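Quantities reported herein were computed from a predicted structural model and do not represent experimental measurements.
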Amino acid sequence: MPSAANLAENGLPSSRTKKSVDLNIDVNMDTNGTPKPRQTKPAFTSSMYNNHSKKHDHYSKPYYYNQYGTSQKRLYQRWGRLIVVVFAILLILSYLPFFTSAPAQTSTPPAYERPRDQKAPAFAPAEPSVRDQILLYRIIGNDLPPRHKEGQTLSNLAFILQHEQSFPNTRKIFLLNRIVDPVNEAAIIRLLDEYKMEYIRAPFHEEDYVKMDFRLEDFPEKDFLHSDDYMHFSKVAKLRTLDYTYHDKNLYAMNNNGGRNTALRHAKSISNTRWIMPFDGNCFLSVNSFQEIRSQLERYGHNTKYFVVPMTRLLNNSVLLDGMDEKPKTPEEPQLIFRYDSDEEYNPNMRYGRRSKLELLWRVGALENRRSLNRPVVPWEAEERPYSKDKGNFKTVGWVFRLFSGNPQQEENKKEATSIRAFNRLLAIQNYLDALDEKLARRTFRQEHLFLFNENELAQIRYSLWSGDPDIRKMVDQIEVRADTILADIEGRFAPSQHPSGEPDQHDDDVGRNEDPLAARQYLKPDFVVSNEQETTQAFNRSSDDPNFLGPLADNVTVLALARYFVGNEKYGRWAANLVRVHFLNEYAIDTQEDYNMARVVQDKGHMLDFLSDQGYSFPSLNRVPRIVPKYGSSPIPIPQDLTKVNLAPFLDAIRILHKAQTLTHKEYVELQSIASEFLEYLVNSPTGIHLAQLPDHRSVLYDLQVAALATFTDDLRLYLRVANRCRMRIGKQFSPDGSQPYEIAFAQATMPLPGTSADFEKIKFHYETLNLQYWTLLARAIQNTGISKDIWHYAPAGGLRLSRAVALHGNNGMTPRLRPLLHMAHAAYAYSSKDHDTRNMMNSGDYDALKKRLSQVGSKWDAAAIDQSLNRDVSDQDGSKTNFGIPVLWMAGIA
């Protein structure tokens with residue numbers, strides 16, 4: 001090392017002489033905080049280098065101090081020691097993972113960001129020498145009102161994150177279990193990220209859920225939900241029976257035990273896991289409760305694989321913040337802790353609400369006092385598994401709190417609360433799954449779309465008409481003839497009203513004498529209206545005392561609406577709308593709409609405001625008729641008695657067509673929906689409607705068709721889906737494996753007049769068997785048209801006959817014209833079903849070939865006789881009412 005004297009010789013300051021060296025000044029601060037001279041490095045000359053190198057040959061360059069007074073060698077030594085210390089600390093910490101301030105976070109993106117085929121990321125644990133870590137899972141699911149308050153899951157999660165302590169050697173992981181709403185899931189993930197919490201996901205995939213169907217064929221009797229046994233069940237028993245039909249949907253969407261098993265398998269994939277706590281999402285552990293659990297795990301964990309943790313329900317989460325951390329009474333269903341080498345899992349076939357957790361507790365022996373658990377409540381439920389080989393290998397330890405669900409009546413420790421909780425849980429499950437089905441259906445369902453007629457088929461027929469197709473031209477000519485006949489019959493029944501309001505004019509001034517001629521002839525009064533509140537009974541009166549009222553009226557409206565659609569004559573559409581106005585809305589008929597001026601809802605007699613006719617948003621007119629049509633009365637619309645006999649589906653489609661053509665106003669359309677809702681309420685809840693639903697013959701099929709048509713028209717999509725799904729249960733009951741229809745045979749025997757011959761009986765039997773199949777085929781075509789529920793055409797009931805095969809077998813009973821509509825509609829149903837791969841696999845090629853052969857024998861659907869048959873009601877049914885044998889008007893135009 002060079003001496004201080006040698007350094008001084010070369011003009012370099014040593015540590016002993018640097019205070020006296022004359023320096024260039026730069027501003028800095030000394031140890032007292034006052035400005036001090038800052039040393040600058042002197043210029044280095046070649047003479048300095050030569051003198052230095054002669055005395056110290058082992059240096060290749062001059063050794064001098066830096067500007068802070070510390071030698072470079074010492075500086076390098078200090079940095080080296082620091083690096084060694086840091087490396088040693090990191091090495092120690094790598095073997096002590098619980099010293100880390102925050103657990104490693106998964107990079108799992110929100111549900112809507114991960115591609116469908118990307119798996120959830122696996123956690124990469126360290127390689128410890130022993131298994132000593134506790135994994136505490138909270139399984140977060142969807143809110144289920146009325147069992148839970150809406151938003152309660154997110155509120156309780158926030159409470160846990162804010163107030164639950166960190167526990168030593170414990171890794172908290174949250175499992176997001178089939179969260180349906182991506183916005184809700186994103187909110188949960190943001191909250192977990194805010195608190196730097198780990199989470200994994202069991203994602204909800206719509207394409208997997210829609211494959212799940214209802215279980216309808218496992219009951220001891222066909223069409224069990226309309227049986228006498230079911231009718232005498234208690235309300236809770238009925239709910240449990242219905243709950244079983246949702247079994248597969250429940251297993252996927254709720255994923256109750258599936259989520260618990262996901263947590264178990266995830267934990268066992270981590271090498272340092274010893275104890276696994278797959279707890280429900282609302283479970284909260286206090287400091288004392290966790291310490292009690294952990295001490296018992298350490299004490300008995302070498303010999304015990306399962307630990308049962310009793311639970312208590314809270315009525316107010318804030319009691320956990322009072323500082324009173326003592327063991328409470330724990331009468332509620334416990335949670336379960338698993339050792340890493342345990343073999344048991346939760347039963348994947350036990351759905352939420354059906355002993356999902358109790359079954360495993362019973363198997364390990366924790367519920368010996370619940371012997372009834374080894375017997376199913378009803379015969380169609382699956383039996384629980386036998387006792388586990390580890391039965392008895394458990395201990396009861398500690399306690400856990402279940403946070404408030406939002407409904408205090410359900411959380412109290414009372415028998416009544418348990419019953420309310422069970423009842424509301426069943427309601428919540430079915431309501432949640434119905435809402436989920438509705439949400440998915442509304443992606444494509446539109447209330448204004450036709451229900452029975454296929455809009456694309458109607459449009460194609462019209463294009464063919466414009467292209468000169470002779471068969472279509474023939475059909476349209478017959479429609480025009482029938483429409484003109486209807487107009488000739490009804491136009492003479494209306495006369496001009498005195499005033500749009502129905503009151504005589506009271507004006508005496510000049511303005512009153514200059515009455516607008518349009519106002520005098522715009523509205524027409526039906527002849528059965530004598531005064532505003534008095535009516536007489538005529539052929540077209542809407543009186544419910546006339547059993548022939550609704551059927552002919554619905555057919556006339558449908559014919560006129562379709563004539564307007566194909567021919568383009570506004571008069572047909574206007575008078576179809578007038579029939580609806582007069583008989584359903586208590587409104588006057590509209591005589592003409594060509595001269596209608598939207599600027600004047602009530603015409604100004606003196607033309608004083610004529611300049612307003614082309615002003616404002618109403619010009620040019622957005623409507624073809626007045627927004628408000630005056631009423632001749634306000635009496636409620638009675639429910640027609642023949643509502644349970646006539647097929648309203650074509651009539652409701654006709655109303656949709658008239659609304660789209662602007663011959664019915666939006667106000668009128670909404671009012672008609674309200675009236676349809678009253679009809680629907682009558683069918684669903686009246687004794688007459690309930691009785692019809694329970695019948696085993698064609699009347700119940702017509703009932704389902706009516707309810708489905710009214711439900712779509714009133715936008716009650718949940719009711720429609722319920723009917724479309726449950727109606728399949730009737731198929732196995734109504735059709736025997738040989739194709740016979742025993743309940744139609746019984747109905748024919750009951751209605752056969754005496755005395756009667758065997759030929760008479762065969763004719764009546766054939767009539768009702770054909771009628772039943774026509775209603776079934778119409779219902780199948782309507783469900784196919786709607787396109788939001790399972791296709792029933794090839795539905796295979798357990799041990800029964802498919803609907804498609806029943807029609808094919810019935811087609812062998814003769815070549816009468818009566819079979820032509822049925823066979824053509826069946827062919828259209830086959831054509832639709834063949835588009836779907838799963839349905840196509842169920843098709844019987846022999847039945848389809850036989851059907852096509854029969855079609856070639858019965859003739860074309862465009863045959864004049866077939867069209868005439870669909871346009872006229874000229875045959876009396878068994879009760880004397882006019883019938884068209886259940887054949888819709890113009891079935892060949894958009895149905896077949």
Inset, instruction - Ignoring hydrogens and angles, state whether a donor on the side chain of Asn349 or His247 is under 3.5 Å from an acceptor on the partner side chain. - result: yes
Legend entry - With sequence neighbours excluded, residues passing side-chain hydrogen bond (donor to acceptor under 3.5 Å, both in side chains) with His698: Glu744
Legend entry - Partner of Asp213 under salt bridge (charged side-chain N to carboxylate O under 4.0 Å, His left out), chosen from Arg728, Lys249, Arg726: Arg728
Inset, instruction - Using distance alone, with no hydrogens and no angle criterion, decide if Gln430 and Asp243 have a side-chain donor and acceptor under 3.5 Å apart. - result: no
Inset, instruction - Answer yes if the side chains of Asn772 and Gln734 hold a donor-acceptor pair under 3.5 Å, and no otherwise. - result: yes
Inset, instruction - Kindly write out the residues that satisfy salt bridge (Lys or Arg N to Asp or Glu O under 4.0 Å) with Asp229, not counting sequence neighbours, or none if the list is empty. - result: none
Legend entry - Distance, nearest 0.5 Å, that separates OH of Tyr352 from CG of Asn255: 13.5 Å
Legend entry - His226-Ser700 side chain donor-acceptor pair, cut-off 3.5 Å: no
Inset, instruction - Measure up the Trp380 and Tyr244 rings against each other and bin them: parallel (under 30°), tilted (30 to 60°), perpendicular (over 60°). - result: tilted
Legend entry - Main-chain N/O of Gly151 paired with Asp143 side-chain donor or acceptor, under 3.5 Å: yes
Inset, instruction - Would you check if there is a donor-acceptor pair between the side chains of Gln673 and Asp715 at a distance under 3.5 Å? - result: no
Legend entry - Within residues 681-698 or reaching into it, pairs that qualify as salt bridge (charged side-chain N to carboxylate O under 4.0 Å, His left out) - sequence neighbours excluded: Asp697-Arg699
Inset, instruction - Measure the spacing between OG1 of Thr558 and CG of Leu890 and express it to the nearest 0.5 Å. - result: 8.5 Å
Legend entry - Pair Gln694-Tyr230, side-chain donor/acceptor within less than 3.5 Å: no
Inset, instruction - State, yes or no, whether a side-chain contact exists between Ile788 and Arg442 at a heavy-atom distance under 4.5 Å. - result: no
Legend entry - Tyr720 vs Ser789, side chain to side chain contact (heavy atoms under 4.5 Å, CB included): CA-CA, chis, key distance, verdict: CA-CA 9 Å; Tyr720 165 77; Ser789 57; 3.7 Å; yes
Inset, instruction - Any chance you could measure Arg722, atom CZ, to Thr245, atom OG1, to the nearest 0.5 Å? - result: 9.0 Å
Inset, instruction - Determine whether the side chains of Asp434 and Tyr246 contain a donor N or O and an acceptor N or O closer than 3.5 Å. - result: yes
Inset, instruction - Measure the spacing between OG1 of Thr663 and CZ of Arg564 and express it to the nearest 0.5 Å. - result: 7.0 Å
Inset, instruction - Answer yes or no: is there a donor N or O on one side and an acceptor on the other, between the side chain of Asn454 and the main chain of Asn785, under 3.5 Å? - result: no
Legend entry - Derivation and outcome, side chain to side chain contact (heavy atoms under 4.5 Å, CB included), residues Arg718 and Leu721: CA-CA 5 Å; Arg718 289 198 195 186; Leu721 291 172; 5.8 Å; no
Inset, instruction - Check whether any side-chain heavy atom of Leu144 lies under 4.5 Å from a side-chain heavy atom of Met254, and answer yes or no. - result: yes
Legend entry - Other residues, nucleotides, ligands: >12 heavy atoms within 6.0 Å of Phe233 CZ: yes
Inset, instruction - Just grab all the ring pair (Phe, Tyr, Trp, His ring centres under 6.0 Å) pairs involving residues 430-450, residues at least two apart or on different chains. - result: none
Inset, instruction - Please answer whether the main-chain N or O of Met729 pairs with a side-chain N or O of Lys222 as donor and acceptor at a distance below 3.5 Å. - result: no
Legend entry - Glu769 side chain near Ser740 side chain, heavy-atom distance below 4.5 Å: no
Inset, instruction - Report yes if some heavy atom in the side chain of Asp437 is under 4.5 Å from a heavy atom in the side chain of Tyr209; otherwise report no. - result: yes
Legend entry - Within the 6.0 Å centroid threshold, strictly below: Tyr830 and Trp793: yes
Inset, instruction - Starting at CG of Leu658, measure out to CG of Leu664 and round the result to the nearest 0.5 Å. - result: 5.0 Å
Legend entry - Student check: side-chain heavy atoms of Asn647 and Leu702 closer than 4.5 Å: yes
Inset, instruction - Report the residues that fulfil side-chain hydrogen bond (donor to acceptor under 3.5 Å, both in side chains) with Lys861, sequence neighbours left out, ordered by chain and then residue number. - result: none
Legend entry - Any Leu680 side-chain heavy atom under 4.5 Å of Thr714 side chain: yes
Legend entry - Listed once per pair and sorted, the ring pair (Phe, Tyr, Trp, His ring centres under 6.0 Å) pairs that draw on residues 667-689, sequence neighbours left out: His659-Tyr669, Tyr669-Phe713
Inset, instruction - Assert yes or no for the condition that the ring centre distance of Tyr565 to Tyr572 is strictly below 6.0 Å. - result: no
Inset, instruction - Under the side chain to side chain contact (heavy atoms under 4.5 Å, CB included) rule, what do Leu450 and Ile657 come out as? Steps first, then yes or no, please. - result: CA-CA 8 Å; Leu450 302 187; Ile657 292 173; 4.0 Å; yes
Inset, instruction - Begin with the C-alpha distance, continue with both residues' side-chain angles, and end with the deciding distance and a verdict on side chain to side chain contact (heavy atoms under 4.5 Å, CB included) for Trp776 and Ile731. - result: CA-CA 9 Å; Trp776 270 115; Ile731 298 176; 3.5 Å; yes
Legend entry - Sub-4.5 Å side-chain heavy-atom contact between Leu823 and His827: no
Legend entry - Ile792 vs Arg730 side-chain heavy atoms within contact, under 4.5 Å: no
